[in-house]
Amino acid sequence: MSDNATYKVLFVCLGNICRSPAAEGIFRKMVRRQGLKDKIEVDSAGTAGYHVGELPDSRMRQHGARRGYKFDSLSRKFTSCDFDRFDIILAMDDSNYNSILRLAPDLDSEAKVHRMMDFSKKYENDHIPDPYYSGTEGFELVLDLLEDSCDGLLDKVKKDLI
Ligand code: 4NP
């Protein structure tokens, strides 16, 4: 992360090998396409450290590649330092949301945390379901929900940048 970006976005799930690296890759591609690479920085993390240092799950990478995404960030654990480093923190589900909030040192930090599906434009789902023990359809659903919610999130970030 460089220090001169205007807005820093962090996606968080449990293991940081399926949902949040996919969100990172999808959002990064949208940011690049809109010429906002120098204005918006993107990262992801997991509330658990089971997979630290690993590439995203091979199934998530394969499903992403079919839609033209490259998910290649290495898993890391979310820490309370992330509240200082990022402007907005997106939780994939309620469990992630509560785990993040438990580490928040103050109200300003708490206010940075949002549920990813709050930015969805066309889906009623209230969370991004964990695909780890699911089949193909679980990974495809994650990508559908993330493409839509990333679109809505970028609208919000662009408004905040003005
Ligand atoms: P993620 O999926 O939170 O979307 O990265 C999971 C990855 C690993 C595990 C659970 C969920 N796990 O139990 O190892």
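Just so we're clear, the structure is a prediction, and the values are computed from it rather than from any experiment. Keep in mind that the numbers below use all heavy atoms, side chains included, and drop hydrogens, waters and symmetry copies.
- Pairing each heavy atom of S73 with each of S44, the nearest pair is OG-OG, 4.0 Å.
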Q.
Apply side chain to side chain contact (heavy atoms under 4.5 Å, CB included) to residues L103 and T47 and explain how you reach the verdict.
A. CA-CA 10 Å; L103 295 176; T47 58; over 6 Å; no
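- Residues L90 and F27 have side chains not in contact (no heavy-atom distance under 4.5 Å, counting atoms from C-beta outward).
- The pair K156-D160 counts as a salt bridge, with a side-chain nitrogen and a carboxylate oxygen less than 4.0 angstrom apart.
- Using bins of under 30°, 30° to 60° and over 60° for the plane-to-plane angle, the ring pair F139/H63 lands in the parallel bin.
- The distance from atom CG of L10 to atom NZ of K112, rounded to the nearest 0.5 Å, is 10.5 Å.
- Here the side chain of N96 pairs no donor or acceptor atom with the backbone of A91 at under 3.5 angstrom.
- Linking ILVMFWY residues whenever their side-chain heavy atoms come closer than 4.5 Å, directly or via other members, leaves I17 and V52 in distinct clusters.
- In this structure, S75 contributes its side chain and G15 its backbone to a donor-acceptor pair below 3.5 Å.
- Within the 3.5 Å criterion, the main-chain N or O of V42 finds a donor-acceptor partner in the side chain of R28.
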Q: Please test V142 against M60 for side chain to side chain contact (heavy atoms under 4.5 Å, CB included), starting from the C-alpha separation and ending with a verdict.
A: CA-CA 9 Å; V142 165; M60 194 76 257; 4.2 Å; yes
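- Distance CZ/R19 to CG/L143: 12.5 Å, rounded to 0.5 Å.
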Expected list for residues 127-137: side-chain donor-acceptor pairs under 3.5 angstrom, two or more places apart:
from: D130; atom 1: OD1; to: Y132; atom 2: N; distance (Å): 2.9
from: S134; atom 1: OG; to: P131; atom 2: O; distance (Å): 2.7

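- Considering CZ of F71 and OG of S58, their distance stands at 13.0 Å, rounded to 0.5 Å.
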**Q.** Criterion side chain to side chain contact (heavy atoms under 4.5 Å, CB included) on L74 and L55, from CA distance to verdict
**A.** CA-CA 5 Å; L74 299 182; L55 279 168; 3.7 Å; yes
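- N98 has its side chain within reach of R102: a pair of non-hydrogen atoms, C-beta onward, lies under 4.5 Å apart.
- Using a 4.5 Å cut-off between side-chain heavy atoms of Ile, Leu, Val, Met, Phe, Trp and Tyr, with links allowed through other members, M116 and I40 fall into the same hydrophobic cluster.
- Salt bridge annotation for K77-D82: absent, with no cationic side-chain nitrogen under 4.0 angstrom from a carboxylate oxygen.
- Separation of atoms CD (E24) and SG (C150) is listed at 10.5 Å; rounding is to 0.5 Å.
- At least one donor-acceptor pair under 3.5 Å links the side chain of D148 to the backbone N or O of K122.
- Cation-pi geometry between K29 and Y69 is met: under 6.0 angstrom from the ring centre, within 45 degrees of the axis.
- Between D43 and K8, the closest side-chain pair of non-hydrogen atoms is not below 4.5 Å.
- L146 CG to S120 OG: the interatomic distance, rounded to the nearest 0.5 Å, is 10.0 Å.
- Between F78 and F83, the gap from one ring centroid to the other is short of 6.0 Å.
- A search for side-chain contact (heavy atoms from CB on, under 4.5 Å) contacts involving R115 returns D94, Y97, D118, not counting sequence neighbours.
- H114 and F119 get closest at one heavy-atom pair: CB-CE1, 3.8 Å.
- In this structure, the side chains of I88 and L153 come closer than 4.5 Å at one or more pairs of heavy atoms.
- Residues S109 and D106 bring a donor and an acceptor atom of their side chains to less than 3.5 Å of each other.
- Ion pair E140/R67 flagged as a salt bridge, since at least one NZ, NE, NH1 or NH2 atom sits closer than 4.0 Å to an Asp/Glu carboxylate oxygen.
- Cluster annotation: L14 and L141 are assigned to distinct hydrophobic clusters (Ile/Leu/Val/Met/Phe/Trp/Tyr, side-chain heavy-atom contacts under 4.5 Å, transitive).
- You'll find the side chain of V31 stays beyond 4.5 Å of the side chain of E41, heavy atoms only.
- Counting non-hydrogen atoms of other residues, nucleotides and ligands closer than 6.0 Å to OH of Y123 gives a total above 12.
- The two residues M117 and L145 have their closest heavy-atom pair at CE-CD2, 3.8 Å.
- Of all heavy-atom pairs between L161 and Y7, the closest is CD2-CB, 3.9 Å.
- When atom types are taken as modelled, the side chain of N16 and the backbone of R76 share a donor-acceptor pair closer than 3.5 angstrom.
- Interatomic distance, Q62 CD to D57 CG, rounded to the nearest 0.5 Å: 9.0 Å.
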